[in-house]
Amino acid sequence: LALAPVTGPASSVDGFVRQFLRNLNYERGVPLSASTPNDRYMAFAMTVRDYLMARWLEDQKRQREAQAKGVAYLSAEYLLGRQLDNNLLATGLSEIATAAMETCGIDIDDLRAQEVEPGLGNGGLGRLAACFIDSLATLGVPNTGYGIRYEYGIFRQTFEDGQQVEQPDSWLRLGSPWEFPHPEAARTISFGGHTETYDDEGTERSRWVPAWNVLAVPYNYMVPGYLNGRVNTLRLWSAKATNSFDLRVFNSGDYEEAVRSQTFAENISKVLYPEDSTPQGKELRLQQQYFFVAASIGDFLASLPADFDPANLPDRIIFQLNDTHPVIGVPELMRVLVDEKKMAWEDAWGITQKCFAYTCHTLLPEALEVWSVDLLGRLLPRHLEIIYRINDEFLVEVRERFGDDEMRIRNMSIISEFPDRSVRMAFLATVAGAKVNGVAELHSQLLREKVLPDFNEFYPGKFTNVTNGVTPRRFVRLSNPGLSTLITEAIGPGWVTDLERLRELETYAEDTQFRDAFAQVKAANKRRLGDVLRARDGVEISDGHMLDVMVKRLHEYKRQMLKLLHIVTEYEGIVSGRVAASDVQPRTFVFGAKAAPGYVMAKRIIHLINAVGSVVNDDPRVEGRLKVLFPPNYNVTLAERLIPAADLSEQISLAGKEASGTGNMKFALNGALTIGTDDGANVEIRELVGDDNFFLFGMSEPEVEALWARGYKPAEFYQADDGLRRAMDLIASGAFSGGDKTVFEPIVSNLLYDDRFMVLADYSSYIAEQAKVDAAYADQDAWTRSAILNVARCGFFSSDRSMRDYIERIWHTPPVI
Ligand SMILES: CCc1ccc([C@H](C)CC(=O)N[C@@H]2O[C@H](CO)[C@@H](O)[C@H](O)[C@H]2O)cc1
């Protein structure tokens, strides 16, 4: 029976209205007159979905039939942001939808305000995953993003007396219109138990006898390409108990026991771990990692034809490991191929090494995950056996190549003996991965030379680089409509999918009219941000202020403390009378930052930023000159409003610590100038925009290493710099804590006697460069010209380009036409 292909509703105002009312009545079960804001939002979202559905079904069918090689992106985090506008943009129906809602007497902004963003990530890594799947859909590359459908995402941050308080993020409370549950495709995931060997017609084989199981239920989310009719899938797994309810126990009256297995099982996908650089080594975290990876690998293998020969797996799929979090997938694939598909170990290993690739996102040794063999052996006994064998065979090869160099053997072994016997997941990923890449040129160089030098020597050609990127759809086209219109009027609309076309704007930087229009857009974006912050947090943005913005996770290596010392220096200069307030360029300093709940120093720094802010904001001596804003709960939605309004982008990490950064790219593409160190992707931004259009300061990575090597004494810098000493002393004096010297003493003494990230060493260079920023900002026209050149020269930082690099250097998965 040839069924007619699914066609979407009519792409007309009428068609949209009809579909909307149909969803309101039939899906929400209410008439417009009795509908709630959430009813209207859900019905609207469903209508947008309906316009994408036909493409989704068509694309899935196309990908199934094409049997082309695809990418399975394995990530424990996806920081998606709100979906409504992005999906609407992809349909090209924004105008029709707006008009349709008007005819229903509905303001589309009210609908937008209803959407809760899925905060299924911590920061850079999670947002990068979201940008990457957007680009893969827009490039038409067959891809499934696999991850976890956390019931609670990244915590909601509130401030009480300036201190961070975490609130649970119940983002699913009102349901999500963008997800499609598929309980029929649930997979059973096992844990615990033991292994045993058995004779299989003369071949000794091993098998896993697990102790308990959970169900992994997939939820599909659309990932629409931009105006190309393509829709890929994001498949997030939710944990459910195999037998959710034990009636027998219930009838025995032990009600809690009856549902214990249910709660236990569902804990697995209950909440996102809010750490973004220091793993806590918690068992539940390993359960989460194995849960989604085993479900994803099983799901993909099940999608292949029954007679598919696993030897051809590398021609059909590449599993991209988004950091080490999914690397347990390596022994999992080996287990499936050897234990279940009864493949010979060597053949299975050959396949596995072609099917995985690993992206490292950090340089901090403490962020590299290690799992104790005790925990691994208890939770995943068969996988530990497989890891041991992978390591044994690897070390045989190392010995063959380097002889009995015990030190090197110990340094390269996947199993580390100290402090306790554990598995170094980054080493496992490097041994198993076909390719290993860093996320910016400097990062990849440091990976090769400092973090994994032995492996770089042992595996020539395995290490490569793919510099990060951001999607221009969300972070320019959607979040900065004013700038988008200006660009499109100047060079046409092609830039949205071909960002290097921005280069054509270079000539417009010399055009005074264009410069004026550009400056108007920035001013309008500031006013829009002002409206948002007034409604959201009851704070005002002052006109004529330079917006100096630092938004990223709170971490000592990112050096929010250096930014704070600049503010305190400016403040101290005025209140001490040494600097005339009238000589100070009016600035509003905006912070956005969440701290991992267990990261005490980070939370103290948040407290200090708010304490300094409330003193500065209430001090009439600096009124109109200095202002500090710290809107709570920085997330993707706030970023979309903040970044287009910014004048100055703070990228001030200690050189050699920030793997790449992606906020730096978003700011430059939205016409903010960067003050930054030569760290991560700042180096490539500066190379492209030119030294005249970038405020560089501080030590380079080799200079940091050299200072560290000769012994860094932060107190010497305190002694040597009057401005630094006065700023530190003001903090130590209790000036920002009602005279109480104890509150922020730990911060001051840490800087004076430890200062691992050399805040004091880079202070004077930073302050000097900030003075240049003030001078530059005084010439608004020159500043605007420089801002236009930043936009024009940063097309390289599109995640579309990043994806093309992954395809060319790592995946070899051409788009399916
Ligand atoms: C707790 C374990 C853990 C450890 C590391 C991580 C992430 C790798 C941290 C992270 O987000 N890294 C950031 O990744 C971005 C995308 O590549 C880079 O741009 C940032 O420089 C890097 O800090 C999350 C959780």
Side-chain angles (χ1 to χ4, degrees), residues 73-79 119-132 147-148 150 154 271-282 284-286 288-289 320-327 358-371 424-426 429 436-444 446-447 451 465-471 475 551-559 593-599 602 636 639 651-667 676-677 679-685 757 797 799 802-803 805-806:
Y73 200 79
L74 301 179
S75 180
E77 303 184 19
Y78 289 92
L79 207 37
L120 307 180
N122 278 284
L125 171 137
R127 181 57 235 179
L128 188 84
C131 285
F132 279 7
I148 301 174
Y150 301 103
I154 187 70
V271 63
L272 166 78
Y273 270 86
E275 280 84 33
D276 86 325
S277 60
T278 32
Q280 307 296 310
K282 296 276 188 322
L284 183 59
R285 167 97 173 169
L286 181 57
Q288 289 184 336
Q289 294 179 349
Q320 187 63 35
L321 302 171
N322 200 18
D323 215 275
T324 57
H325 313 154
V327 75
Y358 159 50
T359 301
C360 174
H361 294 268
T362 187
L363 281 165
L364 301 178
E366 69 264 31
L368 298 175
E369 290 186 303
V370 293
W371 291 108
R424 297 190 269 208
M425 301 310 263
V436 173
N437 75 286
V439 289
E441 291 289 358
L442 175 61
H443 177 228
S444 298
L446 294 173
L447 272 187
V451 182
N465 173 63
V466 177
T467 297
N468 282 164
V470 300
T471 172
F475 290 110
V551 287
K552 50 191 74 227
R553 286 294 296 251
L554 207 298
H555 198 290
E556 290 165 277
Y557 84 82
K558 294 173 184 284
R559 303 204 293 190
K594 288 178 178 178
Y599 191 174
V636 176
Q651 309 300 332
I652 62 176
S653 53
L654 178 64
K657 302 303 177 190
E658 188 71 84
S660 163
T662 44
N664 46 7
M665 301 164 182
K666 295 161 188 169
F667 278 103
T677 52
D679 195 18
N682 294 357
V683 176
E684 292 156 78
I685 292 174
F757 299 107
F797 299 108
S799 47
S802 303
M803 290 299 94
D805 288 351
Y806 274 93

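Throughout, numbering of the chain's residues begins at 1 and tracks the sequence. First listed ligand is number 1; within each ligand, the first listed atom is number 1.
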For ligand 1, which is the ligand I care about here, please tell me if [X] has any N or O atom under 3.5 Å from one of the ligand's N or O atoms.
| X | answer |
| --- | --- |
| E658 | yes |
| H361 | yes |
| T362 | no |
| A367 | no |

Please confirm whether [X] comes under 4.0 Å of ligand 1, counting heavy atoms of the residue only.
| X | value |
| --- | --- |
| N468 | yes |
| R553 | no |
| E369 | no |

| Donor-acceptor under 3.5 Å (D679 side chain, E658 main chain) | yes
| query | Got a donor-acceptor contact below 3.5 angstrom from the S802 side chain to the G469 backbone? | reply | yes
Checking [Y] against [X]: is there a side-chain donor and acceptor pair closer than 3.5 Å?
| X | Y | result |
| --- | --- | --- |
| N468 | T662 | no |
| Q289 | E369 | yes |
| N322 | H361 | yes |

| request: Return the option from S802, G124, G123 holding the heavy atom at the smallest distance from atom 15 (C) of ligand 1. | output: G124
Identify, by atom number and element, the atoms of ligand 1 in contact range of [X], meaning under 4.0 Å from any of its heavy atoms.
| X | value |
| --- | --- |
| R285 | 2 (C), 25 (C) |
| Y557 | 23 (O) |
| G661 | 18 (C), 19 (O), 20 (C), 21 (O) |
| A659 | 21 (O) |

Among all protein heavy atoms in this structure, tell me which lies nearest to [atom], with the distance rounded to 0.1 Å.
| atom | answer |
| --- | --- |
| atom 6 (C) of ligand 1 | D276 O, 3.5 Å |
| atom 3 (C) of ligand 1 | H325 NE2, 3.7 Å |
| atom 11 (O) of ligand 1 | L125 N, 3.0 Å |

| message | Looking at every non-hydrogen atom in both residues, tell me the closest pair between I652 and K558 and how far apart they are. | response |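 Scanning both residues, the minimum pair turns out to be CG1-O, 3.7 Å.
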| request: Would you indicate whether the side-chain heavy atoms of Q651 and F667 approach each other to under 4.5 Å? | output: yes
| field | K657 to Y557 six-membered ring, cation-pi geometry met (6.0 Å, 45°) | value |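 So K657 doesn't make the cation-pi contact.
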| field | Y599: which of K594, E275, E556 passes side chain to side chain donor-acceptor pair (under 3.5 Å) | value | E556
| remark: Rounding to 0.5 Å, atoms CE (M803) and OH (Y73) come to a distance of 6.5 Å
